[in-house]
Amino acid sequence: MVERRSEPRVPLDCPVFATLQLKDGLEVYCLLRDLSLQGAQVALPPGELSIDVVVGDDIVILDPPVQLDGVITNARAQVAWVQGGMFGIRFANGMEIDQQLLEKLISDACM
């Protein structure tokens with residue numbers, strides 16, 4: 001498989017959750033599986049697989065983990081892919097930090 005991401009993904013080595021606002025204002029507490037400056041991989045909570053997420057849907061990150069508060073709070077994103085109970089999102093404007101700071105924030109989130 002050819003890697004198409006422009007920014008490297010940083011895997012999350014601990015459970016990191018965020019509240020996402022999906023289409024129609026539905027708010028869902030999700031697990032962030034990895035993160036990059038341009039997007040994230042998200043897993044729906046168990047039992048919530050019936051939530052309809054479609055490529056192209058707009059999403060807002062309402063409540064990120066405290067270590068990422070202010071970095072991705074109220075970040076707008078769009079669903080890039082969907083596979084089972086997981087999906088990828090692409091941030092509308094990316095993050096205004098560098099890769100090194102992102103890695104530190106994620107490391108701090110998993111302490």
Side-chain angles (χ1 to χ4, degrees):
M1 181 176 199
V2 175
E3 179 63 52
R4 296 182 305 190
R5 296 180 188 123
S6 60
E7 299 288 339
R9 294 276 175 164
V10 180
L12 296 162
D13 296 329
C14 64
V16 176
F17 297 92
T19 302
L20 305 183
Q21 183 179 48
L22 306 180
K23 62 184 175 188
D24 301 327
L26 176 66
E27 293 182 15
V28 180
Y29 193 60
C30 297
L31 174 68
L32 300 178
R33 297 186 51 94
D34 66 30
L35 198 60
S36 78
L37 295 173
Q38 297 297 320
Q41 183 182 115
V42 178
L44 292 171
E48 297 290 343
L49 301 179
S50 64
I51 293 174
D52 187 29
V53 178
V54 178
V55 172
D57 282 354
D58 291 323
I59 289 182
V60 178
I61 301 171
L62 297 176
D63 186 24
V66 68
Q67 293 85 352
L68 298 172
D69 191 26
V71 177
I72 60 173
T73 304
N74 294 323
R76 299 200 177 280
Q78 192 170 60
V79 175
W81 58 266
V82 178
Q83 183 176 6
M86 295 192 310
F87 58 96
I89 59 173
R90 185 177 315 114
F91 300 132
N93 295 319
M95 290 190 217
E96 295 184 11
I97 61 174
D98 63 22
Q99 184 70 27
Q100 185 176 5
L101 180 55
L102 175 63
E103 291 174 10
K104 180 184 181 332
L105 292 171
I106 289 173
S107 174
D108 291 350
C110 292
M111 292 184 93

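Keep in mind it's a predicted model, so treat the numbers as computed, not measured.
Rounding to the nearest 0.5 angstrom, the gap separating the OG atom in S36 from the CZ atom in R90 is 10.0 Å. Rounded to the nearest 0.5 angstrom, Q100 CD and L105 CG are separated by 11.0 Å. Rounded to the nearest 0.5 angstrom, I89 CD1 and C30 SG are separated by 9.0 Å. Of the inter-residue distances, the one linking I61 atom CD1 with Q21 atom CD reads 11.5 Å to the nearest 0.5 angstrom.
Side-chain N or O atoms of Q78 include one that pairs as donor or acceptor with a backbone N or O of G56 at under 3.5 Å.
Here salt bridge (Lys or Arg N to Asp or Glu O under 4.0 Å) pairs that include residues 14-26, with residues two or more places apart or in two chains, are K23-D52, K23-D57. For residues 8-33, the ring pair (Phe, Tyr, Trp, His ring centres under 6.0 Å) pairs, not counting sequence neighbours, are F17-Y29.
No side-chain heavy atom of V53 sits less than 4.5 Å from a side-chain heavy atom of V28. With contacts defined as side-chain heavy-atom distances shorter than 4.5 Å, the pair L37/Q99 qualifies. Side-chain contact between V79 and V54 is absent, with no heavy-atom pair separated by less than 4.5 Å. By the 4.5 Å heavy-atom criterion applied to side chains, L32 and V42 are counted as neighbours. The shortest side-chain heavy-atom distance between V16 and L35 does not fall under the 4.5 Å cut-off. Between F87 and L44, the closest side-chain pair of non-hydrogen atoms falls below 4.5 Å.
Scored by the side chain to side chain contact (heavy atoms under 4.5 Å, CB included) test, A43 finds L31, R33, M86 as partners (sequence neighbours excluded).
Other residues, nucleotides and ligands contribute only 12 or fewer heavy atoms inside 6.0 Å of the CG atom of N93.
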